[in-house]
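Here the structure is laid out as structure tokens; the discussion comes afterwards.
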Amino acid sequence: MLRSHHFSAILIASPSIFDWTEANFLDSLKSAAQDAHLTPVGQLSFTFQPQGVSAVLLLEESHVALHFWPEEGKVTVDIHVCDYQQDNYEKAKTLAELLTLEIGDNSNNEQWKYFCVTS
């Protein structure tokens, strides 16, 4: 059976990220993914004018994407992790927790929505 875990949130942005560049967001995604024992395999980012950044980290297990909306003071984050050779639910959950601490204004995980798709 194939199963994929989806976490999605709109986080209040930590004041520290307002000066971040694309590279900072990608580094944060890579570091959090590695700390969650996931495997980065590619990345892409874009800076919008006059403001905003999108960053996507491709994982061997699927992907994580974020979009920073400085005018709103918010970051949207989408995590999609498949059960590649093992149950990866805990890894996906850990990634959500780490990103909340890194880019969010608090450690409250209540803003995350989770759903699982199976086939």
Side-chain angles (χ1 to χ4, degrees):
M1 169 182 9
L2 179 63
R3 190 169 31 185
S4 65
H5 307 283
H6 300 260
F7 285 86
S8 185
I10 300 174
L11 304 173
I12 296 171
S14 170
S16 64
I17 72 167
F18 278 80
D19 294 325
W20 281 15
T21 65
E22 290 177 37
N24 296 119
F25 283 102
L26 287 171
D27 287 345
S28 179
L29 289 176
K30 283 189 283 191
S31 176
Q34 290 168 338
D35 288 348
H37 304 286
L38 294 164
T39 312
V41 295
Q43 63 189 34
L44 182 65
S45 60
F46 185 81
T47 299
F48 295 91
Q49 296 302 325
Q51 58 196 5
V53 174
S54 290
V56 178
L57 183 67
L58 298 178
L59 303 170
E60 190 173 88
E61 302 83 3
S62 196
H63 66 274
V64 57
L66 68 76
H67 309 282
F68 176 43
W69 304 82
E71 69 276 20
E72 298 289 331
K74 305 241 172 100
V75 180
T76 62
V77 184
D78 296 294
I79 297 169
H80 178 193
V81 175
C82 296
D83 281 351
Y84 175 73
Q85 298 180 345
Q86 64 186 352
D87 182 353
N88 285 321
Y89 169 78
E90 287 299 325
K91 292 178 181 183
K93 182 180 172 191
T94 297
L95 180 57
E97 292 168 352
L98 292 170
L99 290 174
T100 299
L101 292 171
E102 180 78 20
I103 63 175
D105 194 27
N106 61 53
S107 61
N108 183 352
N109 287 331
E110 292 177 11
Q111 55 272 66
W112 287 96
K113 304 299 181 212
Y114 169 77
F115 67 99
C116 181
V117 177
T118 60
S119 67

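All heavy atoms count here, side chains included; hydrogens, waters and symmetry mates do not. All of these numbers come straight from a predicted model, not from anything done at the bench.
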Exercise. What about Leu26 and Phe46, same hydrophobic cluster or not, with Ile/Leu/Val/Met/Phe/Trp/Tyr joined at side-chain heavy-atom distances under 4.5 Å?
Worked result: no
For this session: For residues Phe115 and Val117, determine if any side-chain heavy atom of one lies less than 4.5 Å from a side-chain heavy atom of the other.
Result: yes
For this session: Could you check Val77, Val75, Leu66 and say which one makes a side chain to side chain contact (heavy atoms under 4.5 Å, CB included) with Leu99?
Result: Val77
Seminar exercise, completed: Here the pair of heavy atoms bringing Ile79 nearest to Ala92 is CD1-O, 4.3 Å
For this session: Please examine the side chains of Gln86 and Asn88, heavy atoms only from C-beta on, and report whether any two atoms are closer than 4.5 Å.
Result: yes
Exercise. Between Ala36 and Lys91, what is the shortest heavy-atom contact and its length?
Worked result: O-CG, 3.2 Å
Exercise. Any side-chain donor-acceptor pair under 3.5 Å between Ser8 and His6?
Worked result: no
Exercise. Do Thr100 side-chain atoms and Ala96 backbone N/O form a donor-acceptor pair below 3.5 Å?
Worked result: yes
Exercise. If you round to the nearest 0.5 Å, how far is NE2 of His63 from SG of Cys82?
Worked result: 9.0 Å
Seminar exercise, completed: Scanning both residues in full, the closest heavy-atom pair of Ala33 with Leu59 reads CB-CD2, 3.9 Å
Exercise. Distance from Phe18 atom CZ to Gln51 atom CD, nearest 0.5 Å?
Worked result: 9.5 Å
Exercise. Applying the 4.5 Å side-chain criterion to the ILVMFWY set and letting contacts propagate, would Ile12 and Phe25 be lumped into a single cluster?
Worked result: no
Exercise. According to the side chain to side chain donor-acceptor pair (under 3.5 Å) rule, which pairs have a member within residues 31-40, sequence neighbours left out?
Worked result: Thr39-Glu61
Exercise. For Ile103 and Ile17, which heavy atoms make the closest approach, and how far apart are they?
Worked result: O-CD1, 3.8 Å
Exercise. Stepwise, does the side-chain hydrogen bond (donor to acceptor under 3.5 Å, both in side chains) test hold for Asp83 with His5?
Worked result: CA-CA 8 Å; Asp83 281 351; His5 307 283; 2.8 Å; yes
Exercise. With a 4.5 Å heavy-atom cut-off, do Gln111 and Ile10 have their side chains touching?
Worked result: no
Exercise. Atom CD in Glu102, atom CH2 in Trp20: separation rounded to 0.5 Å?
Worked result: 4.0 Å
Exercise. If you take all heavy atoms of Ala32 and Leu98, which pair is closest and at what distance?
Worked result: O-CD1, 3.5 Å
Exercise. Side-chain heavy atoms under 4.5 angstrom apart, residues restricted to Ile, Leu, Val, Met, Phe, Trp, Tyr: same cluster for Leu38 and Trp112?
Worked result: yes
For this session: Evaluate the ring planes of Tyr89 and Phe7, with Trp represented by its six-membered ring, and classify them as parallel (under 30°), tilted (30 to 60°) or perpendicular (over 60°).
Result: tilted
For this session: Provide the closest heavy-atom pair for Pro40 versus Lys30 in the form atom of the first, atom of the second, distance.
Result: CG-O, 4.4 Å
For this session: To the nearest 0.5 angstrom, please state how far the OG1 atom of Thr47 sits from the CD atom of Glu22.
Result: 3.0 Å
